[in-house]
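Scroll down for the structure; my scribbles are underneath it.
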Amino acid sequence: MYYANVSQQLPHTSRVIEVTGNGKVMATPNYVQIQIEVQTRGKNVQEAQQENAIIMNRVIQSLLALHIPRENIQTAFYTISPVYDYEDGKQVFKDYEVTNAITVKVTDTSQIGEIIDTAVENGANRISSIQFNIDNVDAYYQQALSLALQNAQMKAKTIAETMHLPLQLQPIEIVEELEKAPVLYRSMAMVDSKISTPIEQGQIAINATVRVKFQY
């Protein structure tokens, strides 16, 4: 009896290894954005507004005196809100709260502590955000992307060598995974007001991730 060679009759099926490659590049920030706020309260909204304007103008002038360019100082938001208390389960008006927030771009990161202290000394009563950034983040991301591709290729080679598979090193598919914003590694400390507030800028981690398919 004749038996056909079944393996020759079956169509060739493509076999694929899919791996995830990761790359990371560390970069030192070259500027920081600080959000500085002035909050005032008053029974009369105009009085709260006027007090707020006087304080914020004083804060801005003090920053300009530190040689911060005016174009690096920008209003982030301005709000006027009624504030209520609850007495015997009833909402009772207390006063108005006026908040004026500015963002300050600082290119000399050694100046951060002095800027915060100066703003507070001149009436700012809230520092709500300190964000370290880099101008050329895309260049760092391209480096991370290259490392991610190399990492994916190494993973595929390790799998193929371990399993004795005839891996084709030319990938058949590459998918770039969207990454979140760069991760910042830093610390912040507030100390005695007689000493300049220390801010550690740390480094920013720029990550890239790819999914790559290889045929074998």
Side-chain angles (χ1 to χ4, degrees), residues 14-37 63 66 68-69 71-74 76-77 101-117 119 126-191 195-216:
S14 174
R15 296 176 298 181
V16 172
I17 295 174
E18 181 174 346
V19 294
T20 300
N22 300 291
K24 180 170 72 174
V25 173
M26 303 300 294
T28 301
N30 61 353
Y31 75 94
V32 64
Q33 282 190 306
I34 308 171
Q35 186 160 297
I36 300 170
E37 298 181 19
L63 296 177
L66 293 177
I68 302 297
E71 60 267 25
N72 286 3
I73 303 173
Q74 184 177 34
F77 63 85
I102 60 172
T103 56
V104 182
K105 181 179 179 180
V106 184
T107 55
D108 181 0
T109 55
S110 66
Q111 226 183 345
I112 302 169
E114 183 184 11
I115 287 169
I116 292 173
D117 294 340
R126 189 177 182 193
I127 308 297
S128 55
S129 175
I130 299 177
Q131 295 183 341
F132 289 88
N133 297 288
I134 49 179
D135 285 318
N136 55 338
V137 66
D138 190 61
Y140 288 102
Y141 178 75
Q142 299 303 324
Q143 295 177 35
L145 189 60
S146 178
L147 292 174
L149 290 165
Q150 293 175 39
N151 180 246
Q153 191 172 55
M154 284 191 295
K155 285 181 178 180
K157 287 177 68 176
T158 298
I159 294 170
E161 289 171 3
T162 302
M163 302 300 295
H164 305 290
L165 303 174
L167 182 71
Q168 297 180 25
L169 291 178
Q170 189 73 18
I172 60 173
E173 182 178 293
I174 300 173
V175 178
E176 178 187 12
E177 298 284 351
L178 293 178
E179 285 288 327
K180 296 179 180 179
V183 179
L184 174 64
Y185 296 91
R186 66 173 174 84
S187 62
M188 174 178 175
M190 302 294 287
V191 296
I195 304 173
S196 179
T197 301
I199 305 293
E200 298 297 328
Q201 66 178 19
Q203 287 191 308
I204 294 175
I206 297 93
N207 297 286
T209 302
V210 291
R211 284 188 294 108
V212 185
K213 290 182 180 180
F214 296 88
Q215 203 167 25
Y216 68 94

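The figures here come from the full heavy-atom set of this structure, side chains too, leaving out hydrogens, waters and symmetry mates.
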Pairs flagged by salt bridge (Lys or Arg N to Asp or Glu O under 4.0 Å) wherever residues 161-175 is involved - sequence neighbours left out:
E173-K213
For residues I130 and I116, determine if any side-chain heavy atom of one lies less than 4.5 Å from a side-chain heavy atom of the other.
yes
Listed pairs under 3.5 Å, donor-acceptor, residues 26-37 side chains, sequence neighbours left out:
unit_1: N30; atom_1: OD1; unit_2: D135; atom_2: N; d: 3.2
unit_1: N30; atom_1: ND2; unit_2: D135; atom_2: OD2; d: 3.2
unit_1: Q35; atom_1: NE2; unit_2: E37; atom_2: OE2; d: 3.2
unit_1: Q35; atom_1: NE2; unit_2: S128; atom_2: OG; d: 3.0
unit_1: E37; atom_1: OE2; unit_2: S128; atom_2: OG; d: 2.7

Which atom pairs, one a donor and one an acceptor, fall under 3.5 Å between side chains of residues 164-171 and the rest of the protein, sequence neighbours left out?
none

Q142 atom CD, over 12 foreign heavy atoms within 6.0 Å:
yes
Apply salt bridge (Lys or Arg N to Asp or Glu O under 4.0 Å) to E176 and list each qualifying residue two or more places apart in sequence or on a separate chain.
none
Output every pair passing side chain to side chain donor-acceptor pair (under 3.5 Å) with a member in residues 102-112, not counting sequence neighbours, ordered by first then second residue.
D108-S110, T109-Q201
Separation between CD of E18 and CZ of R211, rounded to the nearest 0.5 Å
5.5 Å
Smallest separation among heavy atoms of F214 and I172, with atom names:
N-CG1, 4.5 Å
Spacing of CD belonging to E114 relative to CG belonging to L63, to within rounding of 0.5 Å
10.0 Å
Just verifying a value: how many Å separate I112 CD1 and I127 CD1, rounded to the nearest 0.5 Å?
11.5 Å
Side chains of residues 147-159: which donor-acceptor pairs under 3.5 Å do they make with residues two or more places apart or in other chains?
unit_1: Q150; atom_1: NE2; unit_2: S146; atom_2: OG; d: 3.3
unit_1: N151; atom_1: OD1; unit_2: N22; atom_2: N; d: 3.0
unit_1: K155; atom_1: NZ; unit_2: T20; atom_2: O; d: 2.6
unit_1: T158; atom_1: OG1; unit_2: M154; atom_2: O; d: 2.9

